[in-house]
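Each residue takes its place number in the sequence, starting with 1.
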Amino acid sequence: MTTTRRLNDSNKVIVTAALTGAVTTKQDNPYLPTQPKEIAEAALRCYEAGAAMVHIHVRDDNDAGSMRFDKFEEAVGLIRATGCPVLLNLTSSGGQGFSWEERIRPFRELRPEMASFDAGTMNWLHSVVFMNEPKFLELCGQEMRAAGVKPEIEVFDMGMLNTAKHYLKTGVLDAPAHFQLCLGAPGGMEATTESLVYLVNHLPENCTWSTFGIGRGANEITLAALAMGGNIRVGLEDNVYYNKGILAQGSQQFIGRVKRVAAEFGRVLATPEEARAILGLK
């Protein structure tokens with residue numbers, strides 16, 4: 001555990017709730033929050049359940065994946081207005097076909113604690129190309145540094161991890177970095193313990209890391225991450241079912257399970273303040 005944990009805390013596990021995503025619909029799960037008020041309410045429920053951070057996507061008026069700034073502004077404003085200390089993590093990739101400016105503006109102007117930095121291009125869901133060309137990533141890194149936003153480096157395969165390590169060497173990204181190991185997306189690495197161990201063994205020593213599994217591999221990744229000293233992301237963005245054939249009744253339900261299982265490993269969920277310290281946030 002000492003080796004695979006890297007800079008993660010030995011006793012605390014940071015849980016991130018991925019509330020919405022860009023693909024899942026209310027037809028898939030009626031509890032999915034899609035509009036700002038629903039997103040803010042879901043964020044508060046997840047904080048109360050034990051999440052230290054919420055990962056936020058927004059939708060347009062028709063519930064389609066979007067990077068509309070006004071939707072981000074409203075959702076973030078509603079959360080902040082409550083005084084809830086949960087850390088905010090905004091996506092920079094709310095779907096396909098958005099301009100660089102649309103992808104950067106939410107984190108640049110709203111200044112959350114973190115924002116996603118997808119470290120490469122991939123064939124997303126075997127249907128479209130998820131574009132993250134080098135010039136965009138260089139710009140994204142510069143804009144995050146200027147805004148005081150820590151990148152959450154999202155890695156879907158070993159090639160993306162190598163790209164991130166290149167950017168750490170060239171100064172596009174700063175150490176200590178934080179990695180989110182994304183497993184189970186069609187087009188990326190499978191959600192298996194073998195995949196997770198491989199990626200973690202190739203992380204730089206000076207980093208923190210988290211992981212999640214999409215679909216049927218989610219529970220395996222959660223258990224493996226806890227055993228390896230990792231942090232964990234859960235939520236309706238990644239899974240609409242709590243167990244096979246049983247729809248989850250909100251992202252907070254997954255957090256409750258992580259809390260119970262983590263206790264069996266002698267670990268407790270980090271508060272937002274503890275997560276801030278572990279991640280080196282200002």
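Side chain of K259 to main chain of A51: no donor-acceptor pair is present (N/O by atom type, distance under 3.5 Å, no hydrogens or angles). Here the side chain of N62 pairs no donor or acceptor atom with the backbone of A64 at under 3.5 angstrom. No donor-acceptor distance shorter than 3.5 angstrom exists from the side chain of K12 to the backbone of L269, with no hydrogens or angles considered. Using modelled atom types, no side-chain atom of T34 and backbone atom of D63 make a donor-acceptor pair closer than 3.5 Å. In this structure, the side chain of R6 engages the main chain of L203 through a donor-acceptor pair within 3.5 Å. Panel note: side chain K150, backbone L279; a donor-acceptor pair is recorded below 3.5 Å. Remark: side-chain polar atoms of T91 are paired, donor with acceptor, to backbone N or O of S93 under 3.5 angstrom. With hydrogens and angles disregarded, a donor-acceptor distance shorter than 3.5 Å links the side chain of T20 to the backbone of P33. At least one donor-acceptor pair under 3.5 Å links the side chain of S251 to the backbone N or O of L236.
Within the model, atoms CG of D157 and SG of C182 stand 10.0 Å from one another, a figure rounded to the nearest 0.5 Å. Remark: I214 CD1 to L183 CG distance equals 8.5 Å, nearest 0.5 Å. A distance of 9.0 Å separates CG of N29 from CD of Q249, quoted to the nearest 0.5 Å. Taking CZ from R233 and CZ from F254, the interatomic distance works out to 12.0 Å, rounded to the nearest 0.5 Å. Taken to the nearest 0.5 Å, the OG1 atom of T16 stands 4.0 Å off from the CE atom of M53.
Residues N243 and R257 bring a donor and an acceptor atom of their side chains to less than 3.5 Å of each other. T222 and N219 share no donor-acceptor pair across their side chains, judged by distance under 3.5 Å alone. If you check the side chains of S210 and Q180, you find a donor sitting under 3.5 Å from an acceptor. A donor and an acceptor atom, one from each side chain of N132 and T121, are nowhere located under 3.5 Å apart.
Between E109 and R105 there is a salt bridge, since a side-chain N of the basic residue sits under 4.0 Å from a carboxylate O of the acidic one.
I56 has its side chain within reach of I39: a pair of non-hydrogen atoms, C-beta onward, lies under 4.5 Å apart. Side-chain contact check for Y241 versus R216: every heavy-atom pair is 4.5 Å or farther apart.
Classified by interplanar angle (parallel below 30°, tilted 30° to 60°, perpendicular above 60°), the ring pair H55/H57 is perpendicular. Relative orientation of the W124 and F156 rings is perpendicular, given thresholds of 30° and 60° on the angle between their planes. In this structure, F136 and W100 have tilted ring planes: the angle between them lies in the 30° to 60° band.
A cation-pi arrangement is not found for R103 relative to F98, the charged atom failing to lie both closer than 6.0 Å to the ring centre and inside a 45° cone about the ring normal.
Nearest heavy-atom pair, A164 versus L173, reported as atom, atom and distance to 0.1 Å: O-CD1, 4.0 Å. In terms of heavy-atom proximity, T24 sits nearest to R59 at O-NH2, 2.6 Å.
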